[in-house]
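Just below is one structure, and these are the notes that go with it.
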Amino acid sequence: MPELPEVETVVRGLAARVVGQQIVNVRFFSPRAALGQPDETAAALRGRRICRLRRLGKHILFDLDSGVLEVHLRMTGKLLWNGVTNPYTRAILELTGGALVFNDTRQFGYLTWRRGDPNLGPDALGIPEERFAEILRSRRGRIKPLLLNQSVISGLGNIYVDESLFRARIHPLAFSSKLSEERLRRLHRMIQEVLAEAIAAGGSSISDYVDAEGRPGWFQVGHRVYGRDGEPCVTCGRGIRRTVVGQRGTHFCGYCQRR
DNA sequence: ATTACTACCTGACAGC
DNA sequence: TGCTGTCAGGTAGTAA
């Protein structure tokens with residue numbers, strides 16, 4: 001579900017509510033929600049103070065007075081401030097002044113304690129243009145799978161890759177190492193643009209995503225290709241096509257994004 | 001290093 | 001009303 005703009009929205013909404021608070025207790029209702037042993041995770045978190053909240057790629061990181069609480073929402077995870085529990089509630093973090101409810105229907109998400117940050121490529125939001133171009137120039141693969149690979153660049157997912165490639169007029173199967181400097185710069189610019197617009201709109205809500213207060217985003221109305229197969233391209237009027245690239249549904253305009 | 005395939009889990013939706 | 005197959009915003013493991 002959530003990609004960089006959605007995670008950023010959750011983090012911004014949550015920061016003012018949780019920073020400075022202490023974790024009183026952590027309860028797991030599904031053992032899968034803790035990456036390791038639920039008891040050990042709970043024990044490591046209990047009594048810790050939240051010093052800061054930040055985002056790295058699609059990961060939510062709570063800096064604690066000792067170590068880091070990491071939350072990954074994966075496909076259907078929701079982290080709700082004083083949220084209502086339901087049959088899909090997988091964990092509850094009780095803080096001194098409220099509770100964080102972790103609901104996740106598909107159970108791919110998790111909540112864990114770690115000593116330091118996860119190993120990820122540079123964050124897509126704010127990566128310097130030169131660094132971005134250098135990374136993609138040095139890789140052999142196709143552009144879409146590379147942008148989705150979190151150890152190459154972190155934060156982009158299926159929606160924002162398709163939207164960025166459309167705006168940059170680049171075919172998803174193009175080999176990144178063969179893209180001209182100009183096209184790489186344009187891609188970098190379009191990624192920053194689409195992420196900024198999506199964050200301003202509170203993210204995209206297709207079916208599940210809501211922020212920490214339970215509110216959906218509205219950037220889905222600004223999607224130009226994602227989920228628009230068969231509909232006319234906003235630029236040329238020809239039909240948006242859907243194919244599969246790297247085992248992911250891929251939406252693009254066959255005319256505007258020629259190989 | 002890159003690509004394909006399978007798996008994790010649940011629900012929605014289309015077609016018969 | 002089923003039942004079956006496909007799809008979903010993510011990622012890890014394995015094999016070629």
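As the structure is a computational prediction, the values presented were derived from the model and not from experiment. Throughout, protein chains are lettered first and strands after them, A, B, ... in sequence-line order, and every chain is numbered starting at 1.
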(request) Return the value, rounded to whole Å, for the distance between atom CD of A:Glu6 and atom P of C:dA8. (result) 16 Å
(request) Output the single nucleotide from B:dC5, C:dA12, C:dG9 whose closest atom is nearest the side chain of A:Gln247. (result) B:dC5
(request) For the side chain of A:Ile206, starting at C-beta, report the closest nucleotide among C:dG9, C:dT11, C:dA8. (result) C:dG9
(message) With the six-membered base ring of B:dC8 as reference, does the ring of A:Phe108 sit under 5.5 Å away with planes under 30° apart?
(response) yes
(request) Using whole Å, report how far CG of A:Leu147 lies from P of C:dT11. (result) 14 Å
(message) Say we look at C:dC7 and B:dC5: how far apart would their P atoms be, to the nearest angstrom?
(response) 14 Å
(message) I want to check a possible cation-pi pair here: A:Arg238 against A:Tyr255, using under 6.0 Å from ring centre and within 45° of the ring axis as the test.
(response) yes
(message) Nearest to the side chain of A:Tyr209, heavy atoms from C-beta on, is which of B:dT3, C:dG9, B:dT2?
(response) C:dG9
(message) Between P on B:dC9 and CZ on A:Phe102, what's the gap in Å once rounded to a whole number?
(response) 15 Å
(request) Please report, rounded to the nearest Å, how far the C1' atom of B:dC9 is from the OH atom of A:Tyr110. (result) 16 Å
(request) Nearest whole angstrom, please: distance from the P of C:dG9 to the NE2 of A:His223. (result) 11 Å
(request) Going by the side-chain hydrogen bond (donor to acceptor under 3.5 Å, both in side chains) test, name the single residue among A:His251, A:Glu3, A:Lys144 that passes it with A:Asn158. (result) A:Lys144
(request) Ignoring backbone atoms, establish whether A:Gln107 has a side-chain N or O less than 4.0 Å from OP1 or OP2 of B:dT10. (result) yes
(request) Measure the distance from CD on A:Glu70 to P on C:dG10 and round it to the nearest whole Å. (result) 16 Å
(request) Considering just the side-chain nitrogens and oxygens of A:Gln150, establish if one lies under 4.0 Å of OP1 or OP2 belonging to C:dT11. (result) yes
(message) Work out how far the C1' atom of B:dT3 is from that of C:dG9, and round it to whole angstrom.
(response) 23 Å
(message) Looking at A:Gln22, is its backbone amide N or carbonyl O close enough to the side chain of A:Thr96 to form a donor-acceptor pair, meaning the two atoms are under 3.5 Å apart?
(response) yes
(request) Verify the contact: side-chain N or O of A:Tyr226 to OP1 or OP2 of C:dG9, cut-off strictly under 4.0 Å; return yes or no. (result) yes
(message) Could you check whether A:Arg106 pairs with A:Asp208 (Lys NZ or Arg NE/NH1/NH2 to Asp/Glu carboxylate O, under 4.0 Å)?
(response) no
(message) Strictly distance-based, threshold 3.5 Å: is any side-chain N or O of A:Asp104 a donor or acceptor partner for the main-chain N or O of A:Gly109?
(response) yes
(request) Check whether any side-chain nitrogen or oxygen of A:His72 sits under 4.0 Å from OP1 or OP2 of C:dT11, and answer yes or no. (result) yes
(request) Flag the pair A:Arg137 and A:Glu181 as a salt bridge only when some basic side-chain nitrogen lies within less than 4.0 angstrom of an acidic carboxylate oxygen. (result) yes
(request) Tell me whether A:Phe28 is reachable from A:Leu100 by hopping between hydrophobic residues (I, L, V, M, F, W, Y) whose side-chain heavy atoms are closer than 4.5 Å. (result) yes
(message) Tell me whether the side-chain N/O atoms of A:Arg248 come closer than 4.0 Å to OP1 or OP2 in C:dC7.
(response) no
(request) Please report, rounded to the nearest Å, how far the P atom of C:dG9 is from the CD atom of A:Glu163. (result) 12 Å
(request) Look at the side chain of A:Ser207 and the base of C:dG9, then say whether one donor and one acceptor between them are separated by less than 3.5 Å. (result) yes
(request) Could you work out the separation of C:dC3 and B:dC9 based on their P atoms and round it to a whole Å? (result) 22 Å
(request) Once you apply the 3.5 Å cut-off to both distances, tell me the Watson-Crick or G-U wobble partner of B:dC9, or none. (result) none
(message) Which nucleotide wins on minimum distance to the side chain of A:Arg140, given the candidates B:dT2, C:dA12, B:dT10?
(response) B:dT2
(request) Please determine, for the side chain of A:Met75, which listed nucleotide (B:dT3, B:dC9, C:dA8) has the closest atom? (result) C:dA8
(request) Using atom CG of A:Asn149 as one end and atom C1' of C:dA12 as the other, report the distance to the nearest whole Å. (result) 12 Å
(message) Looking at A:Arg106 and C:dA8, is any side-chain donor or acceptor paired with a base atom of the opposite kind under 3.5 Å?
(response) yes
(request) Kindly say if A:Lys58 contacts the phosphate of C:dG9, meaning a side-chain N or O under 4.0 Å from OP1 or OP2. (result) no
(message) Check the phosphate of B:dC9 against A:Arg32, side-chain N and O only, distance under 4.0 Å to OP1 or OP2. Yes or no?
(response) yes
